[in-house]
Amino acid sequence: MSPETIEYEDFFPECESVMDEIYARCKENAPNFGITAEHLKDSLSRTVRRFVQTSAEEKPAIREIKDFLKQIQAEDLFLALACANGNERAWWEFDQQHRAYLERVARHLARTEIDAQEVVDSVYVELYGTRVVDGARVSKFATYSGRGSLRGWLRTVIWHSLVDLHRASHDEVSLDEMTETVGEGYAHSTFAEMKLGGEGEMIDQIARDRYRQATLSAIENAFSNLDDHEKLLLLYYHVENLKLREIARLVENAESPLRGWFQRKSTNRETNPASRIHESTIMRWLEKSYAKVLKTFRAELQTIHQLGEEELEICMELATQDLASPNLYRNLTTT
Amino acid sequence: MQIIQISYVFVTGGLKHRMENKELINPQDIQIQGLVDRYLRSQTSNNNKILPGEHLDEDSLTAFTEGNLSAREAQPMISHLVDCSFCRHVTTELIRLDLAFADEAVQVAAVEKQPSKVSEVLNNLLSRIFGTNDGAVFAHQEKEEDSEKTEISEDSKK
């Protein structure tokens, strides 16, 4: 632990001046929101605690906490806190600034105008809060911490509300179930049920099965050996079908850690850290991940499964042949 | 080495992009990309190690999709997204949504700078939602904001 590192209980006095600056700026912009310095500091402190507790490893230094505080979307948070308190002027501001946007997002996502309006209304109700706990109304705004923009957060809330609406109209299909049917379930069910094909003419069926099992095991291990950010990139691209430009959008922020991990050894990052990420850059990141998978894949076949170069070619050929079939994994079952 | 049919490349748009640009392609690249594609698609919800109550909250999802997280915060979140198909799918939808509205600047409706009667505006808004006209939803906090309301009321008289 570095000398500058602190326990989270100790951060408050060290960071109070930063919080005071944030409050002064917010108060100047919105003097009628009825938020006290203590109220804002309480919210910021909760967010900092969460930040500090995020990692079980080394706790952040004071400097890192101060930087973290400066990155919080303070004006958005100030507005959200005031709305959570039911401040009328804040609500008026919120309605003026965000309602039209909420409606556009809802229309974009919903099937009908009625659904869109219903979602916007339900989000307003949720934001205001109808549940009372210990005599206090619980507003959805209280869960906004300012880590992202208020607009981004509202988009997320709208999306969730729309899923809930959809769920309600489909006999309460669970959110997990509904989401997962969109993604990954289909392929595996086919994989699990399909039996081995009898098409082996060139290679004996037993040897063929052995190579297929080795191939499956090798690809599993090759994928699991990737770093998490590489795995996520491949999952976004292959499973979620995100386009290159959509992934580029995700890492558009120059401070994005995901971008930072991919560009660790990039000289361009050092010379021009804020440069735009193009689709070709994402493609290069993908290619590097494939190359890493291929390297581990081959190494596993050679070292763990003791396959020679020729047998390795057979494994790759089998995989290639299987690619022509509707589902590669129907022939890769390990049973 | 067997000739690889062009139709295989449907699994990898990037590879397709390279083929269109007539770059030299190593057949092993096609094989490994296709293998990765099919392998990842075969992963099931059964492999989802995350319990429903452990999903990322809206605050975290938003910060992630906007790239506003520090490395300290992002690392566990990325690990979660690798394991949790549900949250990953939510972030996918949010990324698309973010891009769809990317060019939209913050627009504030062209109205008067401050409402003549804030309460009236808000009551209209909430009565539309709650289906009531009495503004009762704000009644519980009138005490807290007495002083402010007095100010507003005096302002409106001026």
Side-chain angles (χ1 to χ4, degrees), chain A residues 34 51 54-55 68 86 88-89 91-92 95-97 100 108 121 124-125 143-145 147-149 152-153 155-157 159 176 179-180 182-185 187-188 191 219 228-229 231-232 234-235 238-240 242 246 249-251 253 256-257 283 286 290 293-294 316-317 319-320 323 328-329, chain B residues 2 4-5 8 14 28 31-45 52 58-59 61-63 66-74 76 78-79 81-82 85-86 88-89 92-101 107-109 111 115 118-119 121-122 125 129 138 141 145 148:
Chain A
F51 168 67
T54 297
S55 171
F68 171 80
E88 297 183 4
R89 197 168 291 263
W91 266 95
W92 180 83
D95 191 53
Q96 294 300 308
Q97 285 180 30
H108 178 83
D121 286 352
Y124 260 82
V125 170
T143 65
Y144 173 70
S145 73
R147 292 297 293 118
S149 70
W153 182 79
R155 270 201 306 268
T156 310
V157 172
W159 189 88
D176 288 345
T179 306
E180 279 155 3
V182 179
E184 304 163 273
H188 187 271
F191 163 59
I219 193 72
D228 279 344
H229 62 277
K231 288 180 191 169
L232 187 59
L234 292 174
L235 285 163
H238 288 281
V239 179
E240 303 296 341
L242 272 182
E246 290 169 334
R249 173 75 181 175
L250 178 65
V251 292
N253 186 339
S256 158
M283 196 62 238
L286 279 167
Y290 295 136
V293 169
L294 180 60
M316 292 302 275
E317 273 192 40
T320 304
L323 279 175
L328 166 69
Y329 284 88
Chain B
Q2 167 176 338
I4 295 155
Q5 293 175 14
Y8 296 168
Q28 278 202 343
Q31 289 170 323
I32 200 68
Q33 290 174 33
L35 203 54
V36 166
D37 185 83
R38 289 304 181 111
Y39 169 69
L40 293 180
R41 286 176 191 277
S42 76
Q43 300 307 290
T44 72
S45 54
E58 284 150 346
D59 211 39
L61 290 166
T62 306
E66 291 185 342
N68 282 336
L69 296 171
S70 65
R72 176 185 293 278
E73 296 168 285
I78 286 170
S79 300
L81 291 172
V82 168
S85 57
F86 173 71
R88 193 171 62 242
H89 184 67
T92 300
E93 293 299 313
L94 293 175
I95 291 162
R96 290 190 177 125
L97 200 51
D98 181 42
L99 197 61
F101 287 84
Q107 292 173 348
V108 178
V111 292
V118 175
S119 300
V121 174
L122 202 55
L125 173 72
I129 298 167
F138 272 99
Q141 63 144 18
E145 294 192 355
E148 189 180 341

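Quick note: numbers below take in every heavy atom, side chains included, and nothing from hydrogens, waters or symmetry partners. By convention in this document, chain letters (A, B, ...) are assigned in the order of the sequence lines, proteins followed by strands, and residues within each chain are numbered from 1.
Minimum heavy-atom separation, B:S79 to A:D228: OG-OD2, 2.5 Å. Between B:E66 and A:G152 the shortest heavy-atom distance is OE2-CA, 3.4 Å.
Looking at A:K231 and B:I78, their side chains never come closer than 4.5 Å, going by heavy atoms from C-beta outward. At least one side-chain heavy atom of A:V239 sits less than 4.5 Å from a side-chain heavy atom of B:R88. Annotation: side chain of B:R72 is not in contact with side chain of A:F68 (no heavy-atom distance under 4.5 Å). Residues A:L235 and B:L40 are in side-chain contact: their nearest non-hydrogen atoms beyond the backbone lie under 4.5 Å apart.
Summarising the geometry, atom CG belonging to B:D37 is positioned 7.5 Å from atom OH belonging to A:Y290; distances are rounded to the nearest 0.5 Å. With values rounded to the nearest 0.5 angstrom, A:E246 atom CD is found 5.0 Å from B:R96 atom CZ. From A:W153, atom CH2 reaches atom CG of B:L94 across 13.0 Å, with rounding to the nearest 0.5 Å. Rounding to the nearest 0.5 Å gives a distance of 5.0 Å between CD1 of B:I95 and CG of A:L242. The CD atom of B:Q33 sits 9.5 Å away from the CG atom of A:L234 when rounded to the nearest 0.5 Å.
In terms of the side-chain hydrogen bond (donor to acceptor under 3.5 Å, both in side chains) criterion, residue partners of B:E73 (sequence neighbours excluded) are, by chain and number, A:R147, B:S70. Judged as a side-chain hydrogen bond (donor to acceptor under 3.5 Å, both in side chains), and not counting sequence neighbours, the contacts of B:D98 are A:R155, A:R249.
For chain B, no part of A:L286 is nearby; none of its heavy atoms comes within less than 4.5 Å.
Taking chain A as the reference chain and counting heavy-atom pairs below 4.5 Å, the highest number among B:L81, B:N68, B:D59, B:I32 is found for B:D59.
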